[in-house]
Protein chains: 2
Amino acid sequence: MYQGREAVSGPVAEICERIWLSIAEKRLRPGAHLKEEELSEIFDLSRARVRQALSLLESDGLVTILPNRGAFVAQPTIEEARDVFLFRKQLEARVIERVVERITEDGIRQLEAHLAEERAAHDRGDTSAAVQLAGGFHLVLADLAGSDFLASMVRILVSRSTLITSMYRVRHLNNCAPEDHEGLINAIRARAPGPAQAAMREHIDHVEAELDLGEATPVARDLRQALG
Amino acid sequence: MYQGREAVSGPVAEICERIWLSIAEKRLRPGAHLKEEELSEIFDLSRARVRQALSLLESDGLVTILPNRGAFVAQPTIEEARDVFLFRKQLEARVIERVVERITEDGIRQLEAHLAEERAAHDRGDTSAAVQLAGGFHLVLADLAGSDFLASMVRILVSRSTLITSMYRVRHLNNCAPEDHEGLINAIRARAPGPAQAAMREHIDHVEAELDLGEATPVARDLRQALG
DNA sequence: GTACATAATATTGTCAACAATCGTGTTGTC
DNA sequence: GACAACACGATTGTTGACAATATTATGTAC
């Protein structure tokens with residue numbers, strides 16, 4: 001399974017995971033060309049499967065596929081970045097609303113188990129796992145909302161947030177701090193819709209506040225795009 | 001080009017279009033199994049291209065692909081239907097905001113030309129074209145907002161709305177009436193953000209109001225007949 | 001007749017070879 | 001040297017054949 005996608009499993013999921021992580025950790029620059037044969041050699045998989053993975057990553061907004069040209073790491077603009085966070089606030093507020101309505105003891109345990117993993121990764125300095133788990137928390141939450149639609153929307157926005165964060169963050173910090181997630185769980189446990197939604201909006205604002213969305217792009221953009 | 005997707009062209013776009021239309025016109029019931037070989041015979045295309053088309057339709061939420069099982073026309077629940085329209089109101093209000101900011105004379109002409117096509121299809125009783133163009137209006141609008149992100153989000157939600165409307169509508173009416181679209185153009189021309197956003201929210205409420213969210217009316221028919 | 005195992009069929013998943021396209025370097029002309 | 005036409009290598013796109021999996025049909029015991 002890759003980023004909450006039930007239908008994706010096995011080798012294809014692994015390519016997606018690893019490319020996703022490489023982007024999150026800035027090992028892959030926005031605009032970088034992801035060549036199919038190169039990837040198939042690296043992962044020792046057929047080109048068809050690489051292609052499938054790239055197609056999935058495109059639908060998550062992490063890469064852009066140009067016909068007859070190939071796949072490139074996406075380059076969201078500052079305007080798009082702001083829109084992503086604006087909609088995440090609205091979308092995830094709705095998610096929280098539904099989660100509070102239908103949360104069970106088992107659901108709470110799921111969230112707490114995830115939070116424990118986040119803390120463990122954070123404490124041992126494993127930023128790679130920490131970033132992955134921080135995004136994963138929102139996917140678990142979306143799952144608990146019990147709507148495939150909401151879950152897929154959250155996935156789309158969270159993956160884009162990962163890319164945006166890796167492009168525009170000023171400090172070398174996590175995507176989400178575990179503390180915020182703890183507060184969210186508490187508000188959900190108390191079955192308090194208003195405070196829980198407020199906590200979520202604040203949390204997303206925190207994430208956005210760590211970014212520098214006021215100036216020109218720090219990473220050099222594609223020349224073709226700049227002059228086109 | 002299929003539903004505002006620049007990158008999709010040629011035969012694959014045609015399969016998508018025709019399946020999309022068949023769903024919109026209730027010739028394909030939700031849950032129907034879209035068999036790859038059958039489709040490849042109907043459209044006289046290779047199975048690989050059919051597969052590609054089904055994958056695109058999945059990312060638009062029109063079909064659900066189950067591993068080793070195949071592709072099925074999606075079956076959005078009533079809860080999901082409400083969420084789609086809720087989110088469309090928020091999303092398209094933002095689209096309108098950006099369109100009003102950056103609209104040009106040429107943009108207005110584009111919208112009016114589209115509206116004229118809608119009216120023509122409506123007047124000659126071509127419901128097939130009318131439904132397609134009604135959804136298309138929102139895609140043109142999203143394009144004028146000048147953000148790939150907003151455009152792709154609108155596409156995802158509009159395609160889902162099409163499916164939802166075909167599932168839950170009580171009267172045999174259009175997805176969108178051309179009158180609402182005319183009002184939107186006028187508000188945009190006046191560069192009035194508030195009224196334009198209000199018009200959009202009202203318009204989407206109108207569409208939602210035509211649905212009966214308590215009764216499902218599945219129409220079963222042969223796949224070959226539906227697509228012919 | 002029902003339940004279960006098993007074979008037969010239908011359907012999807014995967015691959016490697018081939019075709020089409022694009023980017024780039026080269027050559028020829030002025 | 002500037003420019004266009006061309007050819008080459010690199011990269012993506014497509015196909016048909018084959019493998020894996022699921023669904024249906026068949027047979028058998030009780």
Side-chain angles (χ1 to χ4, degrees), chain A residues 1-2 5-19 28-59 62-75 220-228, chain B residues 1-2 5-19 28-29 31-59 62-74 220 222-227:
Chain A
M1 197 173 82
Y2 150 72
R5 275 191 201 260
E6 309 284 351
V8 181
S9 60
V12 175
E14 203 195 330
I15 311 182
C16 290
E17 286 281 6
R18 288 182 59 180
I19 292 179
L28 274 173
R29 291 178 305 183
H33 190 177
L34 302 169
K35 297 175 189 173
E36 295 178 0
E37 197 164 357
E38 205 170 338
L39 292 171
S40 83
E41 278 172 17
I42 293 169
F43 295 109
D44 193 36
L45 289 169
S46 74
R47 208 155 65 80
R49 280 181 150 154
V50 169
R51 205 160 233 285
Q52 201 183 330
L54 290 173
S55 173
L56 285 169
L57 290 169
E58 188 197 24
S59 74
L62 260 87
V63 313
T64 305
I65 294 178
L66 300 163
N68 293 318
R69 296 282 312 282
F72 302 82
V73 177
Q75 297 177 312
R221 299 293 298 263
D222 186 44
L223 190 58
R224 185 185 314 276
Q225 211 172 8
L227 299 173
Chain B
M1 195 174 84
Y2 150 71
R5 275 190 199 261
E6 310 284 350
V8 181
S9 59
V12 175
E14 203 194 331
I15 311 182
C16 291
E17 286 281 5
R18 288 181 63 179
I19 292 179
L28 275 173
R29 66 178 166 79
H33 190 178
L34 302 168
K35 297 175 189 173
E36 295 178 2
E37 198 163 356
E38 204 170 345
L39 291 171
S40 83
E41 278 172 19
I42 293 168
F43 295 110
D44 193 35
L45 288 168
S46 72
R47 207 157 64 82
R49 280 181 152 151
V50 170
R51 204 160 233 286
Q52 203 182 329
L54 291 172
S55 174
L56 285 170
L57 289 168
E58 189 198 24
S59 74
L62 283 171
V63 314
T64 305
I65 294 178
L66 301 162
N68 294 318
R69 297 282 313 281
F72 303 82
V73 178
D222 184 39
L223 179 58
R224 191 176 302 270
Q225 265 184 329
L227 293 167

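These numbers come from the heavy atoms of this one structure, side chains and all, not from hydrogens, waters or symmetry mates.
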Report the distance from atom [atom1] of [X] to atom [atom2] of [N], rounded to the nearest whole Å.
X: Leu34(B); N: dA10(C); atom1: CG; atom2: P; result: 19 Å
X: Glu36(A); N: dT21(C); atom1: CD; atom2: P; result: 16 Å
X: Glu38(A); N: dG9(D); atom1: CD; atom2: C1'; result: 16 Å
X: Glu37(A); N: dT12(D); atom1: CD; atom2: P; result: 8 Å
X: Glu41(A); N: dT11(D); atom1: CD; atom2: P; result: 10 Å
X: Leu66(B); N: dT21(D); atom1: CG; atom2: P; result: 17 Å

Checklist entry - Does the side chain of Ile19(A) come within less than 4.5 Å of Leu62(A)'s, by heavy atoms? => result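 No. Closest side-chain heavy atoms not under 4.5 Å.
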Next on the checklist: Quick one, Phe43(A) and Arg18(A) - any side-chain contact, counting heavy atoms below 4.5 Å?
Outcome noted: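 Yes, their side chains come closer than 4.5 Å.
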Protein and nucleotides 22-24 of chain D: nitrogen or oxygen contacts under 3.5 angstrom:
| residue | atom | partner | partner atom | Å |
| --- | --- | --- | --- | --- |
| dT23(D) | OP1 | Arg69(B) | NE | 2.4 |
| dT23(D) | OP1 | Arg69(B) | NH1 | 3.4 |
| dT23(D) | OP1 | Arg69(B) | NH2 | 3.3 |

Starting at [atom1] of [X], measure out to [atom2] of [Y] and round the result to the nearest 0.5 Å.
X: Leu57(B); Y: Thr64(B); atom1: CG; atom2: OG1; value: 11.0 Å
X: Glu58(A); Y: Leu66(A); atom1: CD; atom2: CG; value: 8.5 Å
X: Glu38(B); Y: His33(B); atom1: CD; atom2: NE2; value: 9.0 Å
X: Glu36(B); Y: Ser46(B); atom1: CD; atom2: OG; value: 10.5 Å
X: Leu28(B); Y: Phe72(B); atom1: CG; atom2: CZ; value: 13.0 Å
X: Ile15(A); Y: Gln52(A); atom1: CD1; atom2: CD; value: 8.5 Å

Next on the checklist: Quick check on contacts: within residues 44-57 of chain B, what sits under 4.0 Å from DNA chain C by heavy-atom distance?
Outcome noted: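 DNA chain C contact set from residues 44-57 of chain B: Arg47(B), Arg51(B).
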Checklist entry - Given dT12(D), is OP1 or OP2 found less than 4.0 Å from the side-chain N or O atoms of His33(A)? => result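 So the side chain of His33(A) is within the cut-off, an N or O lying under 4.0 Å from OP1 or OP2 of dT12(D).
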